[in-house]
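Comments concern the structure below.
Note that these values count all heavy atoms, side chains included, but never hydrogens, waters or copies made by symmetry. This structure is a prediction, so every number in the text was calculated from the model and none was measured. In what follows, every chain begins at residue 1, and chains take the letters A, B, ... in the order their sequences are listed.
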2 protein chains.
Amino acid sequence: MAGVSEATVSRVLNNVGPMKEETKRKVLEAADQLGYYPNAIAQSFARRRSGNLGVVLPYVPKVHIFSTYYFSEILNGIGEQVRELGYDMLLIFRKPGVDNSYMDLFRSQKVDGCILLGTTDSPGERKALKELEAAGYPFCLVNQHFEGEHFWEVDADHEQGAYEAVKHLLDEGYRRIAFLNGPPEFSNSIDRLRGYVRAMTEAGIFQPGIDINASVPREWMEAGNYSRTSGYEAASRFFRNKDRIDAVFAANDRMAIGLMQGFRDLGMQPGRDIAIAGYDDSDGARITDPPLTSVSVPFYRMGMMAARLVLSSAAPGAKEQEHSTPAERLIRMDTKLVIRSSSSGKHA
Amino acid sequence: MAGVSEATVSRVLNNVGPMKEETKRKVLEAADQLGYYPNAIAQSFARRRSGNLGVVLPYVPKVHIFSTYYFSEILNGIGEQVRELGYDMLLIFRKPGVDNSYMDLFRSQKVDGCILLGTTDSPGERKALKELEAAGYPFCLVNQHFEGEHFWEVDADHEQGAYEAVKHLLDEGYRRIAFLNGPPEFSNSIDRLRGYVRAMTEAGIFQPGIDINASVPREWMEAGNYSRTSGYEAASRFFRNKDRIDAVFAANDRMAIGLMQGFRDLGMQPGRDIAIAGYDDSDGARITDPPLTSVSVPFYRMGMMAARLVLSSAAPGAKEQEHSTPAERLIRMDTKLVIRSSSSGKHA
DNA sequence: TAATTTTATGTACGCGCGTACATTATGGAA
DNA sequence: TTCCATAATGTACGCGCGTACATAAAATTA
């Protein structure tokens with residue numbers, strides 16, 4: 001080595017063990033002068049840690065996933081946290097066919113932990129996740145709950161969010177409130193259905209019943225796929241029962257916006273002839289006419305939280321944190337209703 | 001080794017050199033049985049290639065960068081290409097203060113090449129990029145041109161895009177067309193200004209002049225920062241000269257949407273009292289009322305292209321591709337005007 | 001001063017792969 | 001059968017770091 005020593009350099013750079021101030025200075029000076037840069041790969045190799053947090057995204061051909069508010073916000077949150085903790089963020093697009101390839105990610109040592117976005121509750125998925133858990137790899141799900149498991153999950157209280165949105169519509173004087181839900185493979189679709197039914201039941205509109213699905217009149221409920229188009233199409237189906245419906249609560253903003261466009265094209269003025277409420281409080285909710293009442297979800301903070309959880313349990317010092325109870329592993333954040341004019345018509 | 005051989009395994013797995021079919025089969029079988037997974041880090045180490053494409057994003061506190069249509073689309077395109085080529089995608093957020101840290105990225109061997117998004121033309125930035133170039137590291141800029149350099153750049157023809165948008169407004173009968181531009185550090189702000197002036201000059205509204213800025217009446221031009229809010233605020237400034245303006249061309253959709261909201265709040269109906277055209281053809285353009293005329297930019301394909309360029313010149317076989325002329329390094333994609341009703345009022 | 005502890009530094013090795021080179025099987029052609 | 005070219009496989013080493021252990025220097029104590 002240039003200055004004086006040998007692999008003391010390593011100690012200096014990693015700041016481990018005791019060392020003389022002078023040596024430290026000399027080493028740093030020499031390193032600077034020689035333009036030395038540690039090779040990150042070699043470091044990873046020797047440390048047997050990649051320094052990467054993997055983020056697995058669903059790969060849906062034709063759908064530009066980053067363009068959806070939901071993913072964007074979560075990614076932003078993860079990015080921020082990762083940055084603070086000095087990790088890098090490896091983006092992985094889930095391959096279309098195979099779904100059980102999460103293991104490879106860890107086995108190949110590319111990531112020290114990972115966050116899974118856009119998972120759905122299917123048998124294959126469950127199995128893949130259980131494998132991960134059994135292998136002790138640190139991972140975290142965002143905005144998706146697997147009932148019966150105790151994975152690390154960062155979710156939001158969508159039942160309460162939906163409840164409040166529907167309650168708001170009820171308070172505004174609407175009674176015949178329909179619901180445009182998303183696909184049932186997403187746990188939060190179920191959550192929102194629960195919230196909807198709870199609010200409607202409390203208001204005396206639905207009969208209390210064991211079976212949550214049976215309590216909803218068929219023509220008051222439609223299923224979309226979270227796309228604007230599916231909302232647009234649902235509008236015409238609701239339109240057939242338009243005399244029996246005075247409001248629609250949609251499971252996300254994109255569908256709500258589609259609904260508004262659809263109703264408008266059918267001659268109904270959203271906010272006047274029919275109230276609309278959405279979910280996510282995305283940017284779009286602010287630019288529709290009328291502006292869309294929506295439920296704000298802290299996606300950004302959820303992303304941060306997920307990254308923090310994964311990275312702390314992936315950290316070198318972290319032994320098996322099996323002391324965390326299943327309940328502690330499910331973080332559920334609060335949502336917040338944002339009232340705009342799309343829902344304030346009845347008695348105005 | 002389990003089956004028969006030794007580091008022949010490496011050959012089998014990498015498919016290099018000649019080998020007997022049988023051996024190959026045996027090795028693969030054994031690997032499968034033993035649950036062998038190559039260690040990606042060790043591979044990178046030995047190959048001295050990380051297998052990562054770096055994507056550098058501007059870090060703007062409080063602004064959630066993924067949420068902007070532009071970045072989302074580009075990232076999607078990069079992601080798709082990276083996936084096809086078997087690379088991984090490392091996201092790096094540019095640190096707020098320091099701007100010359102690109103070198104470290106390469107020196108630390110974390111990436112084999114990189115794509116820089118959201119760069120601006122500042123002296124520090126230019127210097128940093130020149131360093132990269134001098135060091136021979138493969139990188140590519142997207143949607144930003146550095147005049148006088150010959151970096152690899154994937155851009156769109158924003159001058160033509162702006163020209164066509166303004167030409168369209170002229171064709172629709174508007175004459176007093178104002179321009180809400182973005183910050184001048186972005187080359188495409190300059191490009192759009194050129195297109196605007198060219199169209200207006202051709203129409204005989206502006207005097208041909210050497211100095212492009214001097215030819216635009218002061219009250220017809222405002223500068224925003226690409227945010228919706230800045231568009232909203234610009235509306236009131238334009239409003240003061242409302243009798244002398246019958247259309248506004250905005251440098252992106254977010255500002256255009258802000259403009260529309262601003263004008264509406266001031267009692268002017270966009271599309272009727274004043275025509276608006278935007279730029280980017282983002283999702284938002286479809287959901288405003290009236291829908292927004294905008295210029296579609298192939299961000300997705302630009303991302304793909306950039307990834308392809310970087311990865312092909314970062315590939316092992318690629319020697320210094322100095323045979324590429326500066327002109328070849330600047331890819332300029334076509335834009336496309338999408339006409340909607342926000343701009344079709346004058347003679348309707 | 002010698003013995004002992006504490007602190008600082010050097011030595012040596014291995015992480016798991018790729019690969020240049022050496023070596024051995026294989027198959028023809030002479 | 002002999003010789004040589006080619007195909008197939010084995011051997012050995014190094015990539016650049018971290019780190020356990022050995023060693024040397026300094027500080028403390030007896």
Atom CZ of B:Arg25 to atom C1' of D:dT9: distance rounded to whole Å? 17 Å
Any chance you could lay out the side-chain contact (heavy atoms from CB on, under 4.5 Å) test for B:Met89 and B:Leu75, step after step, and finish with the verdict? CA-CA 10 Å; B:Met89 188 172 164; B:Leu75 279 175; 3.5 Å; yes
Show, in sequence, the C-alpha distance, side-chain angles and deciding distance for A:His150 and A:Glu133, and conclude whether the side-chain contact (heavy atoms from CB on, under 4.5 Å) test is met. CA-CA 9 Å; A:His150 46 287; A:Glu133 191 185 32; 4.1 Å; yes
Donor-acceptor pair, side chain of B:Glu185 and main chain of B:Ser122, under 3.5 angstrom: no
Distance in angstrom units between B:Asn39 CG and D:dC17 C1', rounded: 14 Å
Output a table of nitrogen or oxygen pairs between the protein and nucleotides 24-26 of chain D separated by less than 3.5 Å.
none

Checking only heavy atoms, does the side chain of B:Arg11 share a donor-acceptor pair with the base of D:dG10 at less than 3.5 Å? yes
Using nucleotides 22-24 of chain C, report all nitrogen or oxygen pairs with the protein that are shorter than 3.5 Å.
none

Taking OP1 and OP2 of C:dC17, is either one under 4.0 Å from a side-chain nitrogen or oxygen of B:Ser10? no
Does the A:Asn52 side chain pair with the main chain of A:Gly54, one donor and one acceptor, at a distance under 3.5 Å? no
Intermediate values then yes/no, side-chain contact (heavy atoms from CB on, under 4.5 Å), B:Leu132 and B:Met103: CA-CA 6 Å; B:Leu132 274 192; B:Met103 289 296 279; 3.6 Å; yes
Decide yes or no on side-chain contact (heavy atoms from CB on, under 4.5 Å) for B:Phe139 and B:Val310, but give the supporting numbers first. CA-CA 6 Å; B:Phe139 70 98; B:Val310 171; 5.6 Å; no
side-chain N/O B:Thr23 vs D:dA8 OP1/OP2, d < 4.0 Å: no
Relative to each other, are the rings of B:Phe299 and B:Tyr70 parallel, tilted or perpendicular (30° and 60° limits)? perpendicular
Value in whole Å for how far the P atom of C:dC17 lies from CZ of B:Arg47: 10 Å
Rounded to the nearest Å, what distance is computed from the CZ atom of residue A:Arg49 to the P atom of nucleotide C:dG16? 15 Å
Does the side chain of A:Thr8 get closer than 4.0 angstrom to OP1 or OP2 of C:dG10 through an N or O atom? yes
Where A:Gly118 and A:Phe186 come nearest, the two heavy atoms and their spacing: O-CE2, 4.5 Å
In terms of heavy-atom contacts, A:Pro183 and A:Tyr226 come closest through CD-CE1, 3.5 Å
Send over the distance from B:Tyr36 OH to C:dG16 P, rounded to a whole Å. 10 Å
Here the distance between atom C1' of C:dA8 and atom CG of A:Asn15, to the nearest Å, is 14 Å
Separation of A:Tyr37 atom OH from D:dC17 atom P, in whole Å? 14 Å
Is there a side-chain contact between B:Gln43 and the phosphate of C:dG16, meaning an N or O under 4.0 Å from OP1 or OP2? no
C:dG14 base / A:Arg48 side chain donor-acceptor hit below 3.5 Å: no
Enumerate the residues from residues 106-113 of chain A whose closest heavy atom to DNA chain D is under 4.0 Å, giving them by residue number; use none for an empty result. none
Closest to the A:Ala42 side chain, choosing from C:dC17, D:dT9, D:dC17: D:dC17
Could you tell me whether the side-chain ring of B:Phe45 sits stacked on the base of C:dC17, using a centroid cut-off under 5.5 Å and a plane angle under 30°? no
Without decimals, in angstroms, what is the distance between B:Asn14 CG and C:dC17 P? 10 Å
Check: B:Asn76 side chain, B:Ser72 main-chain N or O, donor-acceptor pair, under 3.5 Å: yes
B:Ala46 side chain: which of D:dT9, D:dG18, C:dG18 is closest? C:dG18
Is the backbone of A:Gly51 close enough, under 3.5 Å, to the side chain of A:Asp112 for a donor and an acceptor to pair up by distance? yes
Which residue is it: A:Arg126, A:His145, A:Gln144? I am looking for the one with a side-chain hydrogen bond (donor to acceptor under 3.5 Å, both in side chains) to A:Asp121. A:Arg126
